[in-house]
S.K.: 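Please read through the structure below; I'll follow up with questions.
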There are 2 protein chains.
Amino acid sequence: MKEVTLKQIAENLGISITTVSKALKDYPDVSKKTKALVKKEAKKLNYKPNVFAVNLRTRESRTVGLIIPEVVHHFFSSVINGIIEQAEKKGYLVIILQSNESYKLEKKQIDLLVSKRVDGIMISLANKTVDISHLKRVKELEVPLVMFDKISKLIDCSKIVINDRAAAYEATKHLIERGCKRIAHFRGALLPQNSIDRFLGYKKALEDHGLKYDSSLVYICENVDYNDGIRAANQLLKDHDDVDGIFAITDLAAIGAIAVFNEKGIRVPDDVAIMGFSNWFVSSAITPSLSTVDQPGYEMGKRTFKQLFKEMKARRENEEVELKTIELDTKLIKRNST
Amino acid sequence: MKEVTLKQIAENLGISITTVSKALKDYPDVSKKTKALVKKEAKKLNYKPNVFAVNLRTRESRTVGLIIPEVVHHFFSSVINGIIEQAEKKGYLVIILQSNESYKLEKKQIDLLVSKRVDGIMISLANKTVDISHLKRVKELEVPLVMFDKISKLIDCSKIVINDRAAAYEATKHLIERGCKRIAHFRGALLPQNSIDRFLGYKKALEDHGLKYDSSLVYICENVDYNDGIRAANQLLKDHDDVDGIFAITDLAAIGAIAVFNEKGIRVPDDVAIMGFSNWFVSSAITPSLSTVDQPGYEMGKRTFKQLFKEMKARRENEEVELKTIELDTKLIKRNST
DNA sequence: TTAACATCCGAAAACGTTTTCGATTATTAT
DNA sequence: ATAATAATCGAAAACGTTTTCGGATGTTAA
């Protein structure tokens with residue numbers, strides 16, 4: 001009933017704990033014969049090292065932390081998926097925390113992870129995060145840190161992102177090429193970089209193609225969700241009667257808009273063409289199916305962990321490591337809404 | 001630059017490590033004066049106990065494990081959300097692993113969690129899991145275990161579920177009350193209990209209301225997803241021309257069917273009424289909006305952790321604890337598809 | 001004055017592992 | 001034969017905490 005320990009094995013075999021430990025880890029100063037003996041006994045007793053002791057001794061937890069704004073979200077859950085899979089392959093487990101888009105909570109989660117002594121941290125910032133002293137602290141403690149998707153330029157660490165600006169540019173350009181002349185934009189909150197970049201891409205595309213930018217065509221969707229899309233679409237219908245295209249910052253907002261138009265008998269894409277963003281998989285299931293920009297969540301998660309892994313390894317071996325900013329490709333997906 | 005330890009504080013104050021430890025934990029055999037001194041010094045140095053040492057000494061990790069079939073799934077991500085929130089409130093962190101609906105992987109994940117010495121495990125079984133020896137082992141190791149949603153009746157532990165059978169009964173009954181006479185069922189794979197129970201509820205409702213059960217109206221959707229719904233709907237159109245209602249095992253399958261009908265000009269609900277299951281939030285965003293059964297994911301997560309917490313506490317204090325099976329309420333949501 | 005008791009503190013063991021370094025024995029070279 | 005070298009092992013320290021138990025000191029009662 002008692003736990004099997006190195007001591008147990010050592011006693012059974014009449015040798016020292018040291019030798020048992022070394023035998024199991026294939027140290028060169030243990031004879032083949034004893035190694036075989038030890039391994040056999042370990043197997044027989046189903047010995048599993050006590051991670052608590054190993055952690056204490058090696059100062060490593062083989063665990064990483066992940067902080068995201070919200071779990072219930074197609075894009076982020078895809079990222080989680082990529083991270084967990086990759087982490088497991090390398091023998092790491094993942095502790096997931098949610099910031100609920102709150103700066104205060106995000107700070108607390110960082111503290112939690114640090115006090116749990118995770119070997120590395122991955123984070124996508126909350127929208128409301130402007131102060132980044134909590135992240136600076138992580139750097140000071142020399143805990144490897146990788147940011148993804150919602151990043152801050154103010155902190156020096158590896159970043160895995162898409163080129164929001166270019167992707168938004170392409171999306172808007174696609175609307176223009178479809179013949180749209182008055183294109184509205186449902187943008188996100190003012191703060192997060194994604195929201196800014198997508199807006200800038202939209203604006204640039206207009207200007208590059210001889211359409212003048214009109215700020216009254218830009219609507220803010222604070223939570224970039226379905227209801228925001230509905231609200232914005234209704235407001236748009238009140239304000240303008242000449243809009244023939246919409247570039248929405250997320251698929252959800254776009255789907256909200258489509259619902260409004262469907263209900264009012266406004267034809268999509270004949271009267272108004274609509275572009276979403278993310279390629280959330282329902283976007284192909286609605287009527288009309290939604291044109292959008294594919295945002296590679298799984299891939300982003302995978303790359304994020306891989307980079308973190310490199311940095312954790314470098315740290316363990318006291319080597320320098322290059323901090324990288326990786327931009328992943330997005331893909332324009334043309335469907336029936338444009 | 002060095003880590004702050006009890007020893008550090010003790011040396012600074014010229015007292016023993018023991019006293020420092022006891023002072024910080026408010027032991028009664030330390031004078032108020034020294035307690036104050038110690039706490040002040042600890043605060044000054046920003047002392048944080050080394051969890052590795054604490055874990056080793058207390059044999060607890062204050063970490064729990066969660067195994068689910070897939071993360072990228074609205075229902076499960078809602079459960080995750082409930083669990084994480086509740087766990088954090090009680091000072092626990094959550095390690096999340098995915099079984100990808102594979103028994104082999106599920107077994108491996110259990111081993112991983114056990115070897116990480118989590119204080120408790122929550123699991124929703126993979127569809128293909130029939131052998132449950134890996135769960136039996138968890139029980140033997142006396143690691144508290146709570147199952148939710150996809151459970152096995154063969155293992156003796158607490159379970160948090162909905163009454164799938166009753167919910168499916170209500171859903172089918174609703175179709176019948178709407179006037180449907182020939183009701184098809186898109187069911188899930190043969191194995192998981194949910195799938196069986198929902199099927200049984202469907203069948204019972206038919207029989208109780210004078211409709212005869214026809215096995216040719218039951219289609220299997222192996223992955224219960226959008227494409228399965230499309231496939232099943234197409235097959236149904238080939239096989240039958242008199243079906244006027246469908247009860248689908250998930251919203252996704254129902255949405256797939258709706259897409260097919262929309263395309264073929266078959267009117268929903270006039271020609272065919274459709275019920276989904278889960279109340280995935282997109283179900284209100286499609287056209288027509290989908291009638292469904294609300295499955296309380298967040299609540300389920302919350303209750304699951306709460307039960308686990310009780311059992312972990314009982315274990316720590318060597319008390320007996322009652323294993324509970326909790327059934328959560330579902331709610332019929334009537335929308336435009338019926 | 002001594003006995004009884006309360007108050008406060010610290011030595012030391014324990015948790016289970018990893019790793020350094022020295023000791024012992026066996027082997028080879030001279 | 002002795003010296004040098006290789007092969008094998010184990011004692012012990014260390015990681016940082018928690019907790020038991022006994023000792024010291026001071027206080028009160030008889």
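In the text below, chain A, chain B and the rest are named by the order of the sequence lines, each starting its count at 1. We use all heavy atoms of the structure for the numbers below, so side chains are in, but hydrogens, waters and symmetry mates are not.
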S.K.: Reckon A:T19 has a side-chain N or O less than 4.0 Å from the OP1 or OP2 of D:dG10?
M.R.: yes
S.K.: Could you check how far CG of A:N55 sits from P of D:dG16, rounded to whole Å?
M.R.: 13 Å
S.K.: B:K39: what forms a side chain to side chain contact (heavy atoms under 4.5 Å, CB included) with it, not counting sequence neighbours?
M.R.: B:L24, B:D26
S.K.: So B:K25, base contact, sugar-phosphate only, or nothing? Heavy-atom distance under 4.0 Å.
M.R.: sugar-phosphate
S.K.: Round to the nearest Å and state the distance from B:L6 atom CG to C:dA11 atom C1'.
M.R.: 16 Å
S.K.: Could you give the distance from NZ (A:K107) to OG (A:S102), rounded to the nearest 0.5 Å?
M.R.: 11.5 Å
S.K.: Using a distance-only criterion (donor-acceptor N/O pair, under 3.5 Å, no hydrogens), is the base of C:dC8 paired with the side chain of B:D29?
M.R.: no
S.K.: Over all strands shown, is B:F52 touching base, sugar-phosphate only, or nothing at heavy-atom distances under 4.0 angstrom?
M.R.: nothing
S.K.: List the atom of B:V321, the atom of B:A314, and the distance in Å for their closest heavy-atom pair.
M.R.: CB-CB, 3.7 Å
S.K.: How far does OG of B:S99 sit from CD1 of B:I123, to the nearest 0.5 angstrom?
M.R.: 7.0 Å
S.K.: From A:I68 CD1 over to A:L125 CG, what is the distance, rounded to the nearest 0.5 angstrom?
M.R.: 12.5 Å
S.K.: Answer with base, sugar-phosphate or nothing: what part of the nucleic acid does B:S21 contact at a heavy-atom distance below 4.0 Å?
M.R.: base
S.K.: One thing to verify: whether B:K136 and B:E140 come together as a salt bridge, which I'm taking to mean a side-chain N less than 4.0 angstrom from a carboxylate O.
M.R.: no
S.K.: Starting at the 5' end of DNA chain D and moving along, which residue's nearest nucleotide shows up first, A:V30 or B:I17?
M.R.: A:V30
S.K.: Looking at C:dC21, D:dT18, D:dA14, which one has an atom nearest to any side-chain atom of A:K22?
M.R.: C:dC21
S.K.: What is the distance, to the nearest angstrom, from the NZ atom on A:K7 to the P atom on C:dC15?
M.R.: 6 Å
S.K.: Find the bend of the helix from C:dT1-D:dA30 to C:dT30-D:dA1 as the angle between its two terminal axes (five pairs each), to the nearest 10°.
M.R.: 60°
S.K.: Please report the C-alpha distance between A:T63 and B:K116 in whole Å, then the side-chain angles of each, then the deciding distance to 0.1 Å, and finally whether the side-chain hydrogen bond (donor to acceptor under 3.5 Å, both in side chains) criterion is met.
M.R.: CA-CA 10 Å; A:T63 302; B:K116 270 277 171 177; 2.9 Å; yes
S.K.: For A:N50 and C:dA14, give me the distance from atom CG to atom P, rounded to whole Å.
M.R.: 17 Å
S.K.: Could you give me the CA-CA distance, side-chain angles and deciding distance for A:D119 and A:S61, then say whether side-chain hydrogen bond (donor to acceptor under 3.5 Å, both in side chains) is met?
M.R.: CA-CA 6 Å; A:D119 296 340; A:S61 60; 3.3 Å; yes
S.K.: Report yes if a side-chain nitrogen or oxygen of B:R59 is closer than 4.0 Å to either non-bridging phosphate oxygen (OP1 or OP2) of C:dG16; otherwise report no.
M.R.: yes
S.K.: Does A:K128 qualify as a cation-pi partner of A:Y103, given the criterion of NZ or CZ under 6.0 Å from the six-membered ring centre and within 45 degrees of its axis?
M.R.: no
S.K.: Hey, does the side-chain of B:T18 have a donor or acceptor N/O within less than 3.5 Å of a partner on the base of C:dA12?
M.R.: yes
S.K.: List in numerical order all residues of residues 31-49 of chain B for which some heavy atom is under 4.0 Å away from an atom belonging to DNA chain C.
M.R.: B:S31, B:T34
